[in-house]
Amino acid sequence: MDEKTSEVNQSRQFHEVTLREFELTDVDDYFVWASDDRVSPWWRWDTFTLKEDVLAFMEKTVLPHPWMRAICLNGRPVGAIWVTHRTAEHQCCAELGYVIASQYWGRGIATEAVNLVLGTIFGDMEGLERLEALVLVQNVGSQKVLEKAGFTKEGTLKKYLIHKGKISDMVMYSFIPADN
Amino acid sequence: MNHDQKHQKPKTPTITLRKFVLSDVDAFMSWAADPRVTRFQRRDPYDDPADALAYITTHILPHPWYRAICINNTPVGSISVKPAAGEDQHRASIGYRLAYDYWGKGIATEALKLTIKAAFEELDHLERLEAIADVDNPASQRVLEKAGFKKEGVLRKYVRLKGESRDMVMFSFLVSDAV
């Protein structure tokens, strides 16, 4: 490869977002966002400080999860995305959640990951008719991601969830197959 | 003179709320066996009082908050408050059903008002009461609004009702909304 071609290749940012299942060997990458104080305020979990705790969390919650994927950038996990079915009463509905390491915010990765999920989830999950997401009112970044991916804002549910000890208003978004 | 002025609106009968007892099974059947009432419920109407008795025993009696809506101590419907699962104990959802002959008299609205007051008094940490009504059930939506609930939005394909996923209107009544 001549110098000019290699310069062009380096300046063109290779940006491929893919999803795959997690493995325990991903613990180092998982630890990056799990231990990040910029990330955990948006989630119900507390910032992890020990890698062993992240490993235990991966064993207990991540690997057995019915539908959870690593969000990979150029093959390397930079976040996670998951879809959780509601209870037996609400089989037609599942909730979407995702997290991206803060150093990768603002690059459209979450939007791509959400789009990848939308492409497969209604086929993967039998009986699924509604994918919903609940977002803190102040989490404007996440609201934009969902809107760009085609979710419909349905309303603000007041005093809906307890987040970090505070009863919080949540914005409800949904995506149904007919939205495609 | 319009129609409303010619015919005086009947007063809502006095209603009370109390816990169910097993001998309420016949009264219970007056709404639980009626397809007009169960139309917007997940369950089908009961045919057999034995099934209704089993439901009262296993579901109603042990329930954290389930009351009979009574006129002269006779149940004409029921109303229940179910706290959310898991961490969100500050939140509970209300459901109610009324025998068909008692519709249109303001009874459900009155039962809701009594329940709102009782729920915030009796359930620790309660801050949000919520209720959902099928988009095709405007009567129930009106009842909730008259009782002071605020519409928050339409949740599309939110619950499965008799094999079909339904759009539901979400309502809430916050502890700060209490008069």
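Below, chains carry the letters A, B, ... as their sequence lines are ordered, and counting in each starts from 1.
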Self-check item: CE-CD distance between M170(B) and E154(A), expressed to the nearest 0.5 angstrom
Solution: 9.5 Å
Exercise. Hey, could you give me the CD/CD distance between E164(B) and E129(A), rounded to the nearest 0.5 Å?
Key: 9.0 Å
Exercise. Could you tell me whether K162(B) atom NZ has more than 12 heavy atoms of other residues or ligands within 6.0 Å of it?
Key: yes
Quiz item: With a 4.5 Å heavy-atom cut-off, do E87(B) and L161(A) have their side chains touching?
Solution: no
Exercise. Is it possible for you to say whether L161(B) and Y46(B) belong to one hydrophobic cluster, with membership spreading through side-chain heavy-atom contacts below 4.5 Å?
Key: no
Quiz item: What part of F175(A) gets closer than 4.5 Å to chain B, counting heavy atoms only: side chain, backbone, both or neither?
Solution: backbone
Quiz item: Does CG belonging to D48(B) count more than 12 external heavy atoms closer than 6.0 Å?
Solution: yes
Quiz item: Which atoms of R128(B) come close to chain A, meaning under 4.5 Å heavy atom to heavy atom: side chain ones, backbone ones, both, or neither?
Solution: side chain
Quiz item: Among D167(B), L155(B), V159(B), which residue meets the side-chain contact (heavy atoms from CB on, under 4.5 Å) test with R130(A)?
Solution: L155(B)
Quiz item: Do the non-hydrogen side-chain atoms of D179(A) and R156(B) ever get within less than 4.5 Å of each other?
Solution: yes
Practice problem: Spell out, yes or no, whether I167(A) and V137(A) are grouped together once hydrophobic residues are joined by side-chain heavy atoms under 4.5 Å, including indirect joins. | Solution: no
Quiz prompt | Evaluation steps, side chain to side chain contact (heavy atoms under 4.5 Å, CB included), between R160(B) and C92(A) | solution = CA-CA 7 Å; R160(B) 231 180 155 69; C92(A) 57; 4.0 Å; yes
Quiz prompt | Test item: R91(B) side-chain N/O and Y160(A) main-chain N/O as donor-acceptor pair under 3.5 Å | solution = yes
Quiz item: Does V17(A) share a hydrophobic cluster with W105(A), counting links as ILVMFWY side-chain heavy atoms below 4.5 Å and allowing steps through other members?
Solution: yes
Self-check item: side chain to side chain contact (heavy atoms under 4.5 Å, CB included) between S176(B) and K159(A), worked out
Solution: CA-CA 10 Å; S176(B) 42; K159(A) 294 188 187 283; 4.1 Å; yes
Quiz item: Can you tell which of E130(B), E152(B), E127(B) has the highest number of heavy-atom pairs within less than 4.5 Å of chain A?
Solution: E152(B)
Self-check item: Heavy-atom proximity to chain A below 4.5 Å, by part of L174(B)
Solution: side chain
Self-check item: Over 12 foreign heavy atoms within 6.0 Å of NZ, K164(A)
Solution: yes
Quiz item: Is it the side chain or the backbone of T156(A) that comes within 4.5 Å of chain B heavy atoms, both, or neither?
Solution: backbone
Quiz item: Should the heavy atoms of other residues, nucleotides or ligands under 6.0 Å from NE2 of H125(B) be counted, would the total exceed 12?
Solution: no
Quiz item: Are Y102(B) and I79(B) in one and the same hydrophobic cluster, where Ile, Leu, Val, Met, Phe, Trp and Tyr link if side-chain heavy atoms are under 4.5 Å apart?
Solution: yes
Quiz item: Given the rule that I, L, V, M, F, W and Y join up when any side-chain heavy atoms are under 4.5 Å apart, are W33(A) and L24(A) in one cluster?
Solution: yes
